[in-house]
Amino acid sequence: MKPFAYVRPERTEEAIDRFAAQPGARFLAGGTNLVDLMKLGVAGPPLLIDINGLPLDAVEETAAGGLHIGATARNSDVAAHPLVRVRYPALSQALLAGASPQLRNAATTGGNLLQRTRCPYFQDASKPCNKRAPGSGCPAREGVHRDLAVLGHSAHCVATHPSDMAVALAALDAEVRLRGPAGERTVPVAEFHRLPGDRPDRDTVIEDGELITGVTLPAPPSGARGAYRKARDRASYAFALASVAAVLTVEDGRIGHAALAFGGLAHKPWRAHAAEEVLRGAPATAETYRRAADAELAAAEPLRDNGFKVPLARNLAVSVLHDLASRTDTTG
Amino acid sequence: MTSQLVRPTTGAVRRDARQKVTGEARYAVDRTPPGCLHACPVPATVARGRVTAVHAEAVLQRPGVRAVLTHENAPRLGEADDPTLLLLQDDRVPHRGWYVAVVVADTPEIAREAAEVLDVDYAVEDHDVLLRADHPDLYTPEEANGGHPAVRERGDFAPAFAASPVRVDATYSMSALHNHPMEPHASTARWEDGGLTVYDSSQGASTVRDVLAGLFELPPERVTVVSAFVGGGFGSKGTPRPPCVLASMASRHTGRPVRLVLPRRELAAVVGHRAPTVQRVRIGASEEGVISALSHEVVTQTSTVKEFVEQAAVPARAMYTSPHSFTGHRVVALDVPSPSWMRAPGEASGMYALESAMDELAGAVGVDPVELRLRNEPDAEPDSGKPFSSRGLADCLREGARRFGWEGRDPRPGVRRDGDLLWGTGVASATYPVLLSPCKASAHAGPDGLYTVRVDATDIGTGARTVLAQIAAEALGVPLDSVRVELGSSVLPDAPVAGGSSGTGSWGWAAHKACTALREELAGRSGPLPSEGVTVEADTEEETGQESPYARHAFGAHFAEVRVDTVTGEVRVSRLLGVYAAGRILNPRTARSQFIGGMTMGLGMALTEHSTMDPAFGDYTERDLASYHVPACADVPAIEAHWVEEHDPHLNPMGSKGIGEIGIVGTAAAIANAVHHATGVRLRDLPLTPDRLLPHLR
């Protein structure tokens, strides 16, 4: 572990100024991923700017009937928040499907979005990895990659984004609020993470010096039902082999609003636009769900050892959509 | 034999429970002598080759770095039976992760960073790290682990198998498994006045003392090893490991105390693991399921550093009637880390294969799997012909079936559906040998009415402190709270390691012998004791050295119920029940903990624990607890451990068999058999993860 400086500002402006003044600085929130990466020699920031003292931990209703979640709100607190549980069950379920209780108590909303891939080559500084050391190569493509991407990968990188929370946020049309030296802006969660292309070192569209201040969710569509489901190697504390978040409205046997996102399949939470096209206005039947899943997963390009993810994701999507559409209640 | 069921919630509470939960218990890393330096080892980053240069100069210029030890300047070591301990003695790199240098610095952080940036040049050679059943370099060793002959033949297997009306011929495989105790391996070493003191996380301080004395060419009495509290080992601390050697080297080199803690991600390369196996089992039987021919052939791997052969075919020599039998092992030396002991080496992997094959036989002959096993109960141990000192397998199977609600089970596979879930049940037998080693102990009576038993036993979390006090109090005929136990230091009377489920039997016998003699000594006295008290010493070398005329084994039966999600391929265990026949259970509370701990580890072996050898780099991929999936609490269902009390006079004065390992044996097979019963799919490659199961489900 390299020596580093540490500051804990109390004002957001100060944190952003500090960052701008020190190339290579990193913001520290829960530290559940960044500190690991520092121990592994994968990250070596000269300065850590602890943002836990900033006033960014609130969870509050917006004037538009949505919800704003501060960047340092803890995953466990967000998952347990009454408004999240009632209006955005997919988000609560996704948060509770992630990590372990201890990690969720420390991990934050902003940090969760910015966590890095758990690709074994990325985490091992003694091996090549285009994400960690651009241009060094990607041994995962021909190596150990059962857990890695089937959608949107490139010759340079086959990593997956590990977050559960971000998958639910993508399906919920949430927006990331950023603040940097140039001011504030918002980016939809579904567009916040990048595909690897030829720059796999860049996980997101965040600009150097920008701080996530929070995430804003719009009011859920009237009558919407949502859920998150994840398949994994053990019942707790395991990353998704594949997961799905879905938000649906059904009226007179037909699907109205349809939002679907996959986790564990790509370098980003995978908003399934092609599937949504099939779903909208279609009869709420198993046949529709299968067609929708197939429409999205037709683009999959599995690697040697991860082909199982395609039928797994398909099954998850069909199952979750069926369960949601079959429900008689409209709150969960 | 009489059977009696004991409630598992009674028994003396752990003597060190409060110390452990309050943090008062001092582990190897909690010993930081004044002036202590910190060492960080440097693992090789090639899978095979030679070190051509270590560029230590740049690192030595860093503030706080005190030394860099390499094969060129490290102290020369003496003799060692275990070549994995001959560290920094030459330039050879036998596998990725082998230590090629050690950095010593003022703080752990400085040492670690310097180790990361230390530049090492290698001459790289081609490597071969993948086990294949048809590997051209497979050979038959002389012995498998435990000193068992690699090959045993009885009768004439091939014609008997060919003539059998019913034949099962199946091949099972499993990945490597890793021990991963909660406390990673660590040592604090200090040279003083030509002697060496080491605080080591080990399963046996006497053994570490002897090995270090040999390596550093000291008389054993100049070496002291303390392993007072140990956070688990599961076999990986049963032999001395690199930390005690490297810390001792570094301390001698610098003249300062040195502490070395292994990062968890390095454990897979340097503390042993359960080797992967490919096991072919063939069973020939009558239409009624009575076995006439049994063959168990094991293919496994070892490293080029030492030969370790997982003795997976050995349990087949003791389990079932089999007039014609072949049991054999073949091994190939690859450029991989050295395998070693992991909880029930041999039995855990071998009984997965054998008990899966028994389930396949039950299906083939249409006989209930419990009944099939009862039909193959032998009169004497098949391979040795010796009578069993006690054999409680049938009782365990019957009692387990009763408790589990096995009777009336529909044998048809793949027919129980509850929505998206398929469910089923499975059973498997378990066995583990009774092992005993010579041990010394002393017993002391003080004028204050208190008694002290001293023995260099190790409590790796089993409850040894507590059980030894119980054994002593019973032998002395005094209240439990008047007995103190001192253990975990090589200054105490020599004792064998906590391994092979032999600790309580071996240490307890010596303690019992010393206490019995002390009681007699005290009975012959009158008047107050002298101020120094009375001490009696005992040694069980003679008793334990005699070969028993009996075949001595613990037995057990495992029952599992699983639910398989046809949407995801996820398998979740809903019920797990074990019944054991392990002699006299000395402490129900700590025994239950041992049993369910073993069963949980077996659950991981069946379903979640997977290790991938990276063919390009030559290392195991899953090296942290986020990626190497030991079961989480949420994976462990309603879990029950019960036992039938045995009265076996042919064991030791306590009448006990070992219980630390049998819980894992058979659990994986019971779960895999339940998965078959649930789904109708027989998968023969562990672990049964969703990617493997999903393609077979609808």
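Order of the sequence lines sets the chain letters (A, B, ...), proteins ahead of strands, with each chain counted from 1.
- Looking at R118(A), neither its backbone nor its side chain comes within 4.5 Å of chain B, counting heavy atoms on both sides.
- Without hydrogens or angle criteria, T608(B) side chain to H629(B) main chain gives a donor-acceptor distance under 3.5 Å.
- Contacts between A616(B) and chain A at a heavy-atom distance below 4.5 Å are absent for every atom of the residue.
- Contact count versus chain B (heavy atoms, under 4.5 Å) is highest, among D233(A), N306(A), L316(A), L312(A), for D233(A).
- Contact annotation for R232(A): both backbone and side-chain heavy atoms come within less than 4.5 Å of a heavy atom of chain B.
- Chain B forms the most heavy-atom pairs under 4.5 Å with one residue out of P120(A), A99(A), S126(A), and that residue is S126(A).
- Only the side chain of L241(A) comes within contact range of chain B, with at least one heavy atom under 4.5 Å from a heavy atom of that chain.
- Rounding to the nearest 0.5 Å gives a distance of 6.5 Å between CD of E622(B) and NE2 of H610(B).
- Heavy atoms of R96(B) lying under 4.5 Å from chain A belong exclusively to its side chain.
- With hydrogens and angles disregarded, a donor-acceptor distance shorter than 3.5 Å links the side chain of H161(A) to the backbone of L113(A).
- Between chain B and the options R229(A), R314(A), K309(A), E142(A), heavy-atom pairs under 4.5 Å are most frequent for R229(A).
- Between D635(B) and V573(B), every side-chain heavy-atom pair lies at or beyond the 4.5 Å cut-off.
- Side chains of H153(A) and R141(A) form a contact here, defined as non-hydrogen atoms less than 4.5 Å apart.
- A ring-centre distance under 6.0 Å is found for H273(B) and H178(B).
- Of the atoms belonging to D124(A), it is side-chain heavy atoms, and not backbone ones, that fall under 4.5 Å from chain B.
- Taking 4.5 Å as the limit, every side-chain heavy atom of Y628(B) sits out of range of all side-chain heavy atoms of Y620(B).
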